[in-house]
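Scroll down for the structure; my scribbles are underneath it.
Labels below follow one simple rule: chain letters A, B, ... track the order of the sequence lines, proteins then strands, and each chain is numbered from 1. Every value quoted in this text rests on a predicted model; they were computed, and no experiment measured them.
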Amino acid sequence: MAVSRVRRNGRLAWGLLAALLALGLAIGAGLAIGGQAIPLSEVLDVLAARDQSDAAIIVWEQRMPRTALGVVVGAALAVAGVLAQGITRNPLADPSLLGVSAGAAVAIVVGSFAFGIHTLAPQILVATLGAVAAGAGVLWLAGFGHGGVAPAGLALVGLSVSALIVAVISVLVLLDAETLDEYRFWLVGALAGRGTPTLATVAPVLLVGLALTLLAVPGLDALSLGDEVAAGLGVRVGRARLVAGVGVVVLTATAVAATGPIAFVGLVVPHAARAITGSRHGWLLPYAAVLGAALLVAADVAGRVVARPAELQVGVVTALVGAPLALILLRGSRPVAVNA
Amino acid sequence: VSRFPVAVARSGSSLVARVRGDAVSVLIRRRGALVGLALLGVVVALGVLAVAIGTRLIPLDEVLRGLIGQADRATTLTVQRFRLPRVVVGVLVGAALGLSGAIVQALTRNPIAAPDVIGISAGASFGAVMVLLAFGGTTVGSGGAAAGLSRIGLPAGAVLGALFAAVLVLGAGGGRNRAGAGFTFSTDRLVLAGIICHAAFIGLVHWGLAAGDVDQATRASAWLMGSLHGRGWEHATALAAALAILLPVALILGTRLDVLALGEDAAASQGVPVARTQIGLFVIAFALTGCAAAAAGPVNFVALLAPQIARRLARAPGAPLVTSALTGAALLLAADLVARLIVPGNELPAGAVTALVGAPCLLWLVRKGLRR
């Protein structure tokens, strides 16, 4: 028993290393491939010594922040997906189901419609506020205050709140074509054109948030056994959910504010990661983070390649790539109970 | 022995209607029947109100005379040509959505698995937006081309999109069983696949909104809310023709839902071909959603909410199909009335109201369920 667990952990460690290698390849492609291809050797040269050449400007000022943003946002979305599925014990749960993405979106639209906020930095702030408010509202309505919440309740409350917010947005953009014109470009979900300032704003929050989710590991492992068993093991169920719930809100809010909603990563990557690691969150979370980052960066590269000279936004690529991938995963897997 | 082909017997508060030879027997619960009649009354009342109320208020007696063509020409024209078809489309769309939601929720035993959550409405949206992108450029601003777009192009796109989504979702619901030999069908897998397809289609819709010009985006986002605005007899008759086939099949096949609810093994032991029945019912439900979306756009929340309300009204075990259909019709008519009246001089889409009202209602239901 003990021997097989050690061997299993060893295998998982090698697997994680392989995933990191894949992420490295994706990052390399993210720096080298684009409207103007730069050989990998030249990329490495300008990375080592920044000069004033075209290649250096492209790599340092455009592709580097874009790729780095892809890494942190991809990791954050995937980890938020794991957390959301863990606290709701519902494999369909995804950050967008908890109202967080919609909260960020409505804040951006209201900010533009009512207060004329059109620049990126205040938009990120406003979106974060909206996402936190919506996430907190969902947690509160689902009854976190009074001793825990049924998983189905949380998913249903999140769904209702999201739908309500989407309806508000739709009415607002119907009334004002100018708001719609701005909103529709944010809505696709893109890494392009966000630049270093966005990265500098959101990266610290996301990295700290990702590190802090490790605190939720014991609670999530216990929750996966069911509330009664978890309580029997001495875990305070309500508090474990709250810690993970805060993680979902912070990670998703920041990611969505930076790039717009990219819903697919949070749904697919946790499933893929769980197929490799099983349900132990100590392995599941790092796997999800690395795979999420690799997926988002690779999708961004693909979007630059397929539609040359134009670009396909990364949100479209994740939908086009992620959906068939998820359906294939699903066909191979044993059916899981998804009753809310 | 009665000579009538149908025998009716009373048992407790229910009636049992038996077709001769005991081949078919239908249990009619008295409460269910009363609720159904009351809902029918509500639908008719809302329909009459919807015909009466508008930019020009028509008195009720004029409405009735207009319906049979006895009022003056202007009133008759307003009633028969503009307001009545809109009401008919509303009733049919609402009923289709309510029925579709009841079937899907009963099959999946999942209260949030409405057809607008598992990808079918999103597929319809995708199809319509692609049609708008392809043919709805700013050059098609007005005239015959614009009318053709809204009468034929968008509905066709919606139906094709819903069909595409239904094939994807149903295909993913089927699969090889664990031994790798036989074919299995799993509603759980179907729901998961549906959520995946929903996310993908919505992503593509968002891309469509960004790829077109602002005019196309405005038109698309108006259609995407779901509305009864400007719906005429051509929408009503096409939808009625589709429902004339789908409704009876849904109600007949739907009688097997109660057996399926006992569990798949129990249903199989009763001689019900489980997978075939499930697939058939999903096809019907998805077709209902697709037709509704073609006529009115993807109206949200009716399919999700109507069965929930109907179940609480009828208080009967099992899937309340007829009650859900009537509830859906009443919901959509009421939503359209509110949408026309709430902002004076500026009509909202009915889908905005169903969502703005439906979401808090669902929230309330959930909270009530949680407290219990």
Completion exercise
From the list A:Leu187, A:Val316, A:Val168, A:Ile165, the residue making the most non-hydrogen contacts under 4.5 Å with chain B is A:Leu187
Problem - Donor-acceptor pair, side chain of A:Gln313 and main chain of B:Trp207, under 3.5 angstrom - result: no
Exercise for the section: Keeping the roles fixed (side chain from B:Gln308, backbone from B:Leu305), state whether a donor-acceptor pair exists under 3.5 Å. Expected result: no
Practice task
Find the one option among B:Cys197, B:Ala352, B:Ala355, B:Gly203 whose heavy-atom pairs under 4.5 Å with chain A are most numerous.
Solution key: B:Ala355
Problem - Which portion of B:Leu363 sits near chain A, non-hydrogen atoms under 4.5 angstrom - result: both
Practice task
Check whether B:Phe201 gets within reach of chain A through its side chain, its backbone, both or neither, counting any heavy atom under 4.5 Å.
Solution key: neither
Fill in the blank from the handout: Comparing B:Leu209, B:Val117, B:Ile196, B:Val343 against chain A, the one with the most heavy-atom pairs below 4.5 Å turns out to be B:Ile196
Problem - Pick from B:Pro349, B:Gly351, B:Gly208, B:Ser221 with the largest number of heavy-atom pairs that fall under 4.5 Å of chain A - result: B:Ser221
Practice task
Could you tell me which portion of A:Leu320 (side chain, backbone, both or neither) has an atom closer than 4.5 angstrom to a non-hydrogen atom of chain B?
Solution key: side chain
Problem - Validation row: A:Asp300, A:Leu296 side chains within 4.5 angstrom (heavy atoms) - result: no
Problem - Heavy-atom side-chain contact between B:Val129 and B:Trp223 under 4.5 Å - result: no
Handout entry: B:Thr354 side chain vs B:Asn300 backbone, donor-acceptor pair below 3.5 Å
Key = yes
Problem - A:Arg184 vs B:Val214, side chain to side chain contact (heavy atoms under 4.5 Å, CB included): CA-CA, chis, key distance, verdict - result: CA-CA 9 Å; A:Arg184 66 194 178 114; B:Val214 68; 4.0 Å; yes
